[in-house]
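What you see is a predicted model, and the numbers here were worked out from it, not measured in a lab.
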Amino acid sequence: MKTLEGKIAFVTGAAQGNGFGITKVLLEKGASVIMTDKSELVRESEKKLEELIGEKRTLSYTMDVTAADKVAEVVKDAESRLGPIDILVNNAGISLLTEIEDMDDELWDLHFDVNVNGARNCVKAILPGMMERRYGRIITMSSVTGPRVCDPANIAYAATKAALLGFSKAIAIDTAGYNITSNAILPGYFLTPMVELTAVETDPENPQRVLDEIVETIPAGRFGKPEEIGYLAAFLASDEAAYITGSEFVIDGGSTLPETISVGR
């Protein structure tokens, strides 16, 4: 069912991982998608999706979300070519492990600049048009890490993902009267380049061990697929979810359910 027919979406971090999966599903649901990513891989990803979908309903841009002027420039150009943006998916983010005693200002600031300020830059560029047209859907990728749980050496990432949850709710209350919704998705473990990097950082000699042990703690018995976040994002972006705002949606295969990983086994 083409629940997003005729809608224009703007997705950050769209070159791979969850951003690619989200973009793919939005296209399947009928939307046209502006794909942005700091990596040049976004061009290849655009071509791959064009082949999968069988038609061209994408525009791709290399864009660093931390550069507010560049974000505004991309938004202006994309809207001039495709039309007003209806859906914003704040997906771009980083996660670099560091022991708490080794947390320096540079690494802390980098996480906030990309994860939080990057989302703000996109909202700043896109929200005024949504408010003027009295329509919009904003979806922000938070995480179970921070708002729900936390693994060791995740202080900067956890702090930013908790901040994004508050950011999403604040947008929701301020824009509810404009027919704009703002919701947060809290993913657990999905097999993405970010998770693979975390595994390498944890055990450079045997990252597969880390991945295998993560799966053992997930009740569903597997990593999530990026498209599964895409289906949730597509629902929240649709008019079927018009009365849902300021909410948070955990999608983690049950990984945050257990109180322990040993009792009852």
Side-chain angles (χ1 to χ4, degrees), residues 8-27 31-49 58-68 70-75 78 85 87-96 110-126 137-146 154 156-158 160-161 163-165 167-168 171 182-198 223-234 236-237 249 251:
I8 309 297
F10 188 98
V11 181
T12 65
Q16 53 189 339
N18 291 335
F20 183 85
I22 291 167
T23 301
K24 179 175 179 287
V25 174
L26 294 180
L27 288 168
S32 296
V33 183
I34 301 152
M35 302 173 65
T36 72
D37 202 290
K38 187 176 181 180
S39 170
E40 292 285 350
L41 286 173
V42 71
R43 308 293 188 194
E44 296 176 22
S45 298
E46 181 188 20
K47 292 177 182 177
K48 186 184 299 183
L49 285 170
T58 56
L59 284 177
S60 65
Y61 295 86
T62 52
M63 185 192 82
D64 185 343
V65 292
T66 68
K70 178 64 174 178
V71 172
E73 177 187 313
V74 167
V75 168
I85 294 167
I87 301 158
L88 166 61
V89 182
N90 287 313
N91 171 72
I94 61 168
S95 173
L96 300 172
L110 177 63
H111 277 81
F112 272 87
D113 204 20
V114 175
N115 296 357
V116 181
N117 293 339
R120 176 192 178 265
N121 289 338
C122 293
V123 169
K124 184 179 179 181
I126 294 171
R137 302 287 182 262
I138 299 173
I139 300 157
T140 299
M141 292 298 138
S142 177
S143 175
V144 295
T145 303
N154 258 303
Y157 180 74
T160 59
K161 290 301 179 175
L164 283 172
L165 181 55
F167 177 71
S168 177
I171 294 169
S182 173
N183 293 290
I185 294 178
L186 282 60
Y189 277 108
F190 285 69
L191 193 54
T192 64
M194 182 183 289
V195 169
E196 291 171 338
L197 174 60
T198 297
F223 284 107
K225 302 172 185 176
E227 289 85 354
E228 291 173 310
I229 289 185
Y231 293 125
L232 176 54
L236 294 174
F249 296 84
I251 177 168

Ile87 and Val11, any side-chain heavy atoms less than 4.5 Å apart: no
Thr145: side-chain contact (heavy atoms from CB on, under 4.5 Å) partners, not counting sequence neighbours: Ser143, Cys150, Asn154, Tyr157, Ala158
Non-hydrogen side-chain atoms of Ile22 and Ile139 separated by less than 4.5 Å: no
Flag side-chain contact, heavy atom, 4.5 Å: Ile138 against Asn90: yes
Any donor-acceptor pair under 3.5 Å from Asn117 side chain to Thr66 backbone: no
Flag, side chain of Ser168 to backbone of Leu164, donor-acceptor distance under 3.5 Å: no
Salt bridge (Lys or Arg N to Asp or Glu O under 4.0 Å) against Glu73, all qualifying residues, sequence neighbours excluded: Lys70
Min side-chain heavy-atom separation Met63-Thr12 under 4.5 Å: yes
Criterion side chain to side chain contact (heavy atoms under 4.5 Å, CB included) on Leu49 and Met35, from CA distance to verdict: CA-CA 11 Å; Leu49 285 170; Met35 302 173 65; 3.7 Å; yes
For the student: nearest non-hydrogen atoms of Gly188 and Val144, plus distance: CA-CG2, 3.8 Å
Residues in side chain to side chain donor-acceptor pair (under 3.5 Å) contact with Glu46, at least two apart in sequence or another chain: Lys56, Thr58, Ser60
Partners meeting ring pair (Phe, Tyr, Trp, His ring centres under 6.0 Å) with Phe112 (sequence neighbours left out): Trp108
Side chain to side chain contact (heavy atoms under 4.5 Å, CB included) between Lys161 and Leu186, worked out: CA-CA 9 Å; Lys161 290 301 179 175; Leu186 282 60; over 6 Å; no
Side chains of Ile34 and Tyr61 in contact at under 4.5 Å (non-hydrogen atoms): yes
Side chain to side chain donor-acceptor pair (under 3.5 Å) pairs, two or more places apart, involving residues 183-193: Asp151-Tyr189
Note, Val195 side chain near Phe190 side chain (heavy atom, < 4.5 Å): no
CZ/Arg120: more than 12 non-hydrogen atoms of other groups inside 6.0 Å: no
Min side-chain heavy-atom separation Ile185-Leu236 under 4.5 Å: yes
Within-4.5 Å side-chain heavy-atom neighbours: Met141 and Val89: yes
Any pair counted as salt bridge (charged side-chain N to carboxylate O under 4.0 Å, His left out), so long as it reaches residues 11-23, sequence neighbours left out: none
